[in-house]
J.: 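Here it is: the structure, laid out below.
The model shown is predicted, which means the values in this text are computed figures rather than measured ones. Side chains are part of it too, since the values below use all heavy atoms of this structure and drop only hydrogens, waters and symmetry mates.
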Amino acid sequence: MTFEATNVKATLVALNYNCIANEFSDKLDEKDIINKYKLKLKDVEWNGPNLPPPHILNELRPLVPYVYTTEDMTIQVIYTQSEYKLSIEKRNFSQEGFEQFKNLSNDVLDIKLSDITAIGVNYNALFNLGDAKLNLLNNNIIEKVPDFKKNLTFEFVLPIEYADRNLIATYRIKKKSGGGNTSEPRIYSINVNFHFDISKLSTAEKTEKVKDILSYNLYDEFIEKSQGFLKLNDKSKE
């Protein structure tokens, strides 16, 4: 049995993306990325009682994350200068919309590729198991830890190292809702972080590595692993 992934979200994170002041916005404009992908910069959010004048907000601009969104609001490009971190988030991720996410990510990464030390790709999805219950732990835990059966939920975390790929893939599985005393189906969330250390690569090697990272193969790998976890349920015949 194959379980359908829903509410899929993809996030790319680059570390040591070293821009200063307004350099990030200037580079996006200079490389025609804003126009190419029809990005719009979100205004600085102000939660105080009195909104400062525009020139004060402009001075605050480099101190808060730069958040650009596409017209359909499904992709956000976020640069946090205080952490030198770039994040690109794609909601409603699917194979049909993958090219836009890949091309935009590649163009924005290229601005500071020589500086970047690590790239992470995260996929998160929800899976409906109906009345099935995951059995990821040894059933003896109920005998050894009697209160375990009273748990509201728990998170299963599994880091996997692929030394030949300079990759650590960390999977997190958690029940989001349903089951127990409810009559609702069990909904599980599965998240993976593919973390690639590229700090020792030359710029040319980083370019080739990014091609691998920004391929649909990683999503396929996530789905394949997720199906393996989900088949470990109390209704499975395998």
Side-chain angles (χ1 to χ4, degrees), residues 1-14 17 24 27-29 31-42 65-79 85-111 113 116 118-130 160 162 165 167 169-174 176-178 185-196 198 206-231:
M1 179 180 181
T2 300
F3 299 93
E4 181 183 359
T6 61
N7 291 69
V8 183
K9 179 180 177 182
T11 305
L12 179 141
V13 177
Y17 192 94
F24 181 65
K27 288 292 185 181
L28 291 182
D29 191 36
K31 301 287 184 180
D32 200 37
I33 293 173
I34 292 176
N35 180 61
K36 181 178 179 180
Y37 297 100
K38 294 180 172 56
L39 300 178
K40 181 178 180 181
L41 178 63
K42 293 182 68 174
Y66 289 78
V67 182
Y68 284 87
T69 60
T70 53
E71 278 187 323
D72 61 5
M73 304 294 287
T74 63
I75 297 182
Q76 281 199 140
V77 180
I78 305 167
Y79 178 60
K85 183 174 77 172
L86 170 74
S87 299
I88 301 176
E89 303 175 353
K90 168 66 176 174
R91 293 187 295 106
N92 303 325
F93 179 84
S94 66
Q95 189 168 10
E96 291 74 24
F98 176 68
E99 284 301 309
Q100 182 193 28
F101 175 72
K102 180 185 75 172
N103 294 337
L104 173 56
S105 297
N106 191 64
D107 286 349
V108 180
L109 286 174
D110 190 60
I111 293 173
L113 188 57
I116 295 171
I119 295 176
V121 177
N122 300 268
Y123 290 108
N124 186 82
L126 299 180
F127 297 87
N128 185 336
L129 267 66
I160 305 173
Y162 301 92
R165 299 161 66 189
L167 164 65
T170 303
Y171 288 84
R172 298 176 181 273
I173 305 168
K174 183 177 182 179
K176 298 290 289 184
S177 62
R186 288 185 176 88
I187 306 297
Y188 287 89
S189 167
I190 301 184
N191 170 273
V192 66
N193 169 242
F194 294 105
H195 179 85
F196 295 87
I198 63 171
K206 288 179 180 180
T207 300
E208 291 303 309
K209 192 66 178 177
V210 166
K211 290 181 182 178
D212 292 335
I213 293 172
L214 290 175
S215 74
Y216 204 72
N217 294 338
L218 280 181
Y219 179 70
D220 287 338
E221 186 174 331
F222 163 64
I223 291 297
E224 181 182 354
K225 287 287 191 301
S226 295
Q227 296 301 321
F229 289 125
L230 295 170
K231 287 176 181 177

J.: Heavy atoms only: give me the nearest Ile198-Ala118 pair and the separation to one decimal.
T.: CG1-N, 3.9 Å

J.: Determine whether the aromatic ring centres of residues Phe127 and Phe3 are separated by less than 6.0 angstrom.
T.: no

J.: First locate atom CG of Leu230, then atom CD of Glu4, and finally report the distance between them rounded to the nearest 0.5 Å.
T.: 12.5 Å

J.: With the side chain counted from C-beta on, respond yes when Val8 and Ser94 share a heavy-atom pair under 4.5 Å apart, and no when they do not.
T.: no

J.: Mind checking the CZ-CG spacing from Arg186 to Leu129? Nearest 0.5 Å is all I need.
T.: 9.0 Å

J.: Is a side-chain donor-acceptor pair under 3.5 Å present for Lys38 with Thr70?
T.: no

J.: Atom OH of Tyr219 and atom CZ of Phe101: how far apart are they, to the nearest 0.5 Å?
T.: 12.5 Å

J.: Is any side-chain heavy atom of Val108 less than 4.5 Å from a side-chain heavy atom of Ile33?
T.: yes

J.: Testing the basics here: between Lys90 and Gly97, what is the closest heavy-atom pair and its distance to 0.1 Å?
T.: CE-O, 4.1 Å

J.: Does the plane of the ring in Tyr216 sit parallel, tilted or perpendicular to the ring in Phe98? Use 30° and 60° as the thresholds.
T.: perpendicular

J.: Lys206 side chain to Ile116 main-chain N or O, any donor-acceptor pair under 3.5 Å?
T.: yes

J.: For the CZ atom of Arg91 and the CD1 atom of Ile75, what is their distance to the nearest 0.5 Å?
T.: 10.0 Å

J.: Quick one: CD1 on Ile34 to CG on Leu28, what's the gap to the nearest 0.5 Å?
T.: 5.0 Å

J.: Please round to the nearest 0.5 Å and tell me the distance separating atom OH of Tyr66 and atom CD1 of Ile78.
T.: 14.5 Å

J.: Compare every heavy atom of Arg165 with every heavy atom of Lys209, then report the nearest pair and how far apart it is.
T.: NZ-O, 3.3 Å

J.: Give me the ring orientation class for Phe222 and Tyr123: parallel if the planes are under 30° apart, tilted from 30 to 60°, perpendicular past 60°.
T.: parallel

J.: Of Val13, Thr170, Leu12, which meets side chain to side chain contact (heavy atoms under 4.5 Å, CB included) against Asn122?
T.: Val13

J.: Any heavy-atom pair between the side chains of Ile111 and Leu86 that's under 4.5 Å?
T.: no

J.: Would you find more than 12 non-hydrogen atoms of other residues, nucleotides or ligands less than 6.0 Å from Glu224 atom CD?
T.: no

J.: Please give me the minimum heavy-atom distance between Ile190 and Ser226, naming the atom from each residue.
T.: CG2-OG, 3.5 Å

J.: Tell me whether the count of non-hydrogen atoms from other residues, nucleotides or ligands lying under 6.0 Å of NZ in Lys225 goes above 12.
T.: yes

J.: Counting N and O atoms only, with roles assigned by atom type, does the side chain of Tyr171 sit under 3.5 Å from a partner on the main chain of Ile160, one being a donor and the other an acceptor?
T.: no

J.: Answer yes when Lys36 and Asp107 have at least one side-chain N-carboxylate O distance shorter than 4.0 Å, and no when they do not.
T.: yes

J.: Any side-chain heavy atom of Phe24 within less than 4.5 Å of one from Tyr68?
T.: yes

